[in-house]
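I have placed the structure first, in the form of structure tokens, so that the comments after it can refer back to it.
In listed order, ligands and their atoms are each counted from 1. Since the structure is predicted, the reported quantities are computational estimates derived from the model, not experimental observations.
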Amino acid sequence: MNKKKIEAEYKKKIKKINNLNFFYYDQSNPLVTDDEYDKLKNEILLLEANNDFLKSEISPSQTIGHKPSKNFSKITHRAPMLSLANAFTKDDLINFEKKIFNFLSVESNFKINYSAEPKIDGISASLIYKNGELKKGLSRGDGKQGEDITENLKTIKNIPKRINSKDFPKDIDIRGEVFIQNSDFKNLKEKFANPRNAASGSLRQKDPKDTKKIPLKFIAYTFGFEKDLCVNNQFDFLKKLNQWGFKTNPLNKLISGVDNLIENYNKVEKDRANLNFDIDGIVYKINDFALQKRLGNVANAPRWAIAHKFSSNKAISKILDIDIQIGRTGALTPVAKIKPVNIGGVLVSNATLHNEEEIKRKDIRIGDTVTVERAGDVIPHILEVDLKKRIKDSSKFIFPNSCPFCGSKTVKDFNLSTKKLDAVRRCSSQDYFCEKISIEKLKHFVSKEAFNIDGLGKKIIENFWRLKLIKYPHDIFRLDYDKIETLEGWGKLSVENLKYSINEKKKVSLDKFIYSMGIRHIGLENAKLISKYFGTFVNFKKLSKKKNYEELLNIDGIGETQVNSIRTFFSNKINIKILEELENLLNITNSQIEKKNGILKNKTFLVTGKLKEISRAEIKSLIEANSGTTVSSVSKKLDFLIIGEKPTNRKVNTAKELNIKIINQDQFLKMLNKI
Ligand code: IVH
């Protein structure tokens, strides 16, 4: 058979199996017997094994196990479910601790106790208990909103349905990990690639009876919302969890000092293979809740915790080709297409090469035999080249000087903070000129942390683009649904679903909106700062009329790099047009000013000089927690200049000239009734 025919047959089979999946999982109406289904699946896998060129993102080899049903209702978590920053080396841990010392403004001999908890690689869940009764169980979802999977979670024996202990809080979210033990996974090996997939697939089954068939376990480790929790540190909380009837990890330890953390890490890693559950690292949490509270969060992760990941899985493979991919900001990322290898239960066929410098430094060439590493959820990368196996006539890889997609020149930017040229090369075209960048921008626009539109995955965006159904973000809200219904793979039901999920997202908060614009250097955290500063979409849009963007430097956290990027964004007519179109189509809600009625409401602050036993970062979060704002320069907008030791004279003098109140640290703390 020739290539084309094989491909056509393959596509037909993929389409068929996905149709069977739809009827089985979404409609609960299987069209064929299990045997027939397995036969078809094996035929697909065999075709892939024998023909390197066959590839499909919706092949059963990629969408391992059960396709979960999408019909769960969404519920907002009462406290967001955060993620964790990663550490890989001792230096990462030292750095983590150093940042904490700085924030708390303590000396480096300050002793911090950590709760060290082996990180089970499963699926997190949040259980809502009211008056001791399990009321609801949610999946993590995007961290803000989860899915209501109560009935499925209730099938898990380890999850108490009723707790009678007197000291169990009246209202609390208990959080932990749902997983499958390795001994139980043995019987499921045929269906799933690894225990994590098995847990996730079975947890999201439509029928709880299907979930019940799988021996899921639950280990508790934290809480979300709580009322009247009677403990003040994590380790006591873990003990309490046990008393209340939850399972906790038997390997949890209370440890202080980086050296001791490493010793424990090495011990656990050695024993890892003998455990009956998969762990991918150790989570360290500052034990004292009062310190946790002071430290607070950055973006989506707490400052007081980190995940120390185990060294990854490695495999040897061969570089078949080097592709250049482009991101939404125009960054060109080289990607090695490698001969597919199984690394820790996942079939890897791509490895990132990071940037031009990395290729040069490691002299990576097409045809090389390489060691590929995959650590947890991090994208696989090339560790080293086996030079002994290099083919004789191989040549150095030359990074393109012009964008492979639109032909514009590629450039390296000058980084204002490092005062060096970036390692990353970019396409220098303006927004929406390079088609590939536009597609990436659209993918970003609908992504989880931006508009979060269900059912508009990356492949669909690409497809709609190719069919000229979308070009700019606003086109998403004006889709030609009649046309989509006639497309291959689409039907009445799926179009209705898509329409529903798009319309559902027409109401959007200003910070999400700003983030979704994909302005370079404006991530979630900066988008929040900007949205808080402007308050309304109308105010934000006024930037397009301004000649001077310096005012943005008043926002604490926004620097010259961000300001330049915002200026570039507003200088492009297409971006202005997009803003106008979206303004008409959407309901962009004003920035919510949290805790409106704190003591420092409507007051602005600036600190100059060194303070006693409190860091700049902490004073900033203290001000914000009490509804005040911090600014980064002395201007008429400033209400209070807080001075510490060795203040900057220029700031003090300007403040005097402008009649701004100058206070010291004690006076400030008095405002908060702290002393
Ligand atoms: S605490 C503090 N504790 O790791 C907010 N998470 O990357 C984070 N995980 O989604 C949750 N074991 O699925 C926490 N002992 C543990 C954990 C743990 C595993 C997972 C959890 C979370 C992810 C964060």
Side-chain angles (χ1 to χ4, degrees), residues 77-88 92 96 100 114-127 137-147 149 153 156 158 172-181 194-197 199-200 203-204 216-226 229 233-242 246-255 261 264-265 268-269 272 275 277-289 291-310 375-378 448-449:
H77 294 297
R78 298 192 287 181
M81 285 183 85
L82 302 173
S83 52
L84 291 170
N86 288 332
F88 292 96
D92 292 345
F96 166 70
I100 291 172
Y114 295 98
S115 174
E117 307 168 11
K119 185 170 177 292
I120 296 192
D121 197 10
I123 303 297
S124 51
S126 184
L127 310 168
L138 311 180
S139 69
R140 180 175 186 277
D142 63 1
K144 290 202 180 73
Q145 269 195 335
E147 285 165 316
I149 48 167
L153 285 168
I156 301 176
N158 288 159
I172 189 166
D173 304 340
I174 299 289
R175 291 173 176 175
E177 206 79 358
V178 177
F179 63 102
I180 292 183
Q181 291 189 340
N194 53 43
R196 188 175 191 276
N197 280 352
S200 140
L203 202 51
R204 299 188 70 251
L216 295 170
K217 299 274 186 289
F218 180 78
I219 265 195
Y221 49 65
T222 192
F223 55 86
F225 174 87
E226 55 83 18
L229 179 63
N233 69 64
Q234 170 69 6
F235 222 65
D236 285 351
F237 175 68
L238 291 172
K239 277 190 212 146
K240 277 277 174 237
L241 281 171
N242 270 147
F246 293 94
K247 291 265 175 305
T248 54
N249 199 319
L251 300 172
N252 290 341
K253 290 240 155 50
L254 193 64
I255 299 173
L261 290 178
N264 174 64
Y265 171 90
V268 178
E269 185 170 32
R272 190 177 164 197
L275 297 177
F277 44 84
D278 278 355
I279 54 175
D280 60 354
I282 304 187
V283 180
Y284 304 134
K285 301 174 186 167
I286 290 194
N287 195 41
D288 185 355
F289 286 163
L291 286 183
Q292 288 188 5
K293 200 167 166 221
R294 275 178 68 187
L295 286 155
N297 309 323
V298 257
N300 297 321
R303 274 197 197 88
W304 44 266
I306 199 157
H308 191 184
K309 292 286 186 90
F310 289 132
D377 36 19
V378 183
K448 223 172 181 178
E449 271 157 335

Lys/Arg N to Asp/Glu carboxylate O, K119 vs D121, below 4.0 Å: no

Closest heavy-atom pair, N300 versus E449, reported as atoms and distance to 0.1 Å, is ND2-OE2, 2.9 Å

Looking at atom 10 (O) of ligand 1, what's its closest protein heavy atom, distance included? S124 OG, 3.6 Å

For the residue pair F237 and F223, does the interplanar ring angle fall in the parallel (under 30°), tilted (30 to 60°) or perpendicular (over 60°) class? perpendicular

Would you kindly specify which portion of I123 sits under 4.0 Å from ligand 1, judged on non-hydrogen atoms: side chain, backbone, both or neither? neither

Is it the side chain, the backbone, both or neither of W304 that has a heavy atom closer than 4.0 Å to ligand 1? side chain

With sequence neighbours left out, the residues meeting side-chain contact (heavy atoms from CB on, under 4.5 Å) with T248 are L238, L241, N242, N252

Heavy atom to atom 23 (C) of ligand 1, shortest distance: which of K119, R140, M81, K285 holds it? K119

Measure the distance from atom 22 (C) of ligand 1 to every protein heavy atom, then report the residue, atom name and distance (to 0.1 Å) of the closest one. Y221 OH, 4.1 Å

I need the F289 CZ to D236 CG distance, nearest 0.5 Å. 8.0 Å

Considering only heavy atoms, does A305 approach ligand 1 within less than 4.0 Å through its side chain, its backbone, both, or neither? neither

Of all protein heavy atoms, the one nearest atom 7 (O) of ligand 1 is L84 N, 3.4 Å

Can you find an N/O atom of E177 closer than 3.5 Å to an N/O atom of ligand 1? yes

Ligand 1 atoms nearer than 4.0 angstrom to some heavy atom of I120 are 12 (N), 19 (C)

Quick one: nearest non-hydrogen protein atom to atom 15 (N) of ligand 1, plus distance? E117 OE1, 2.7 Å

Partners of D92 by side-chain contact (heavy atoms from CB on, under 4.5 Å), sequence neighbours excluded? A87, F88, T89

Carboxylate-amine/guanidinium proximity below 4.0 Å for R204 and E147: yes

Sole candidate of D278, I123, D280 that passes side-chain contact (heavy atoms from CB on, under 4.5 Å) when paired with R196: I123

For ligand 1, which atoms, with element, lie under 4.0 Å from some heavy atom of P302? 2 (C)

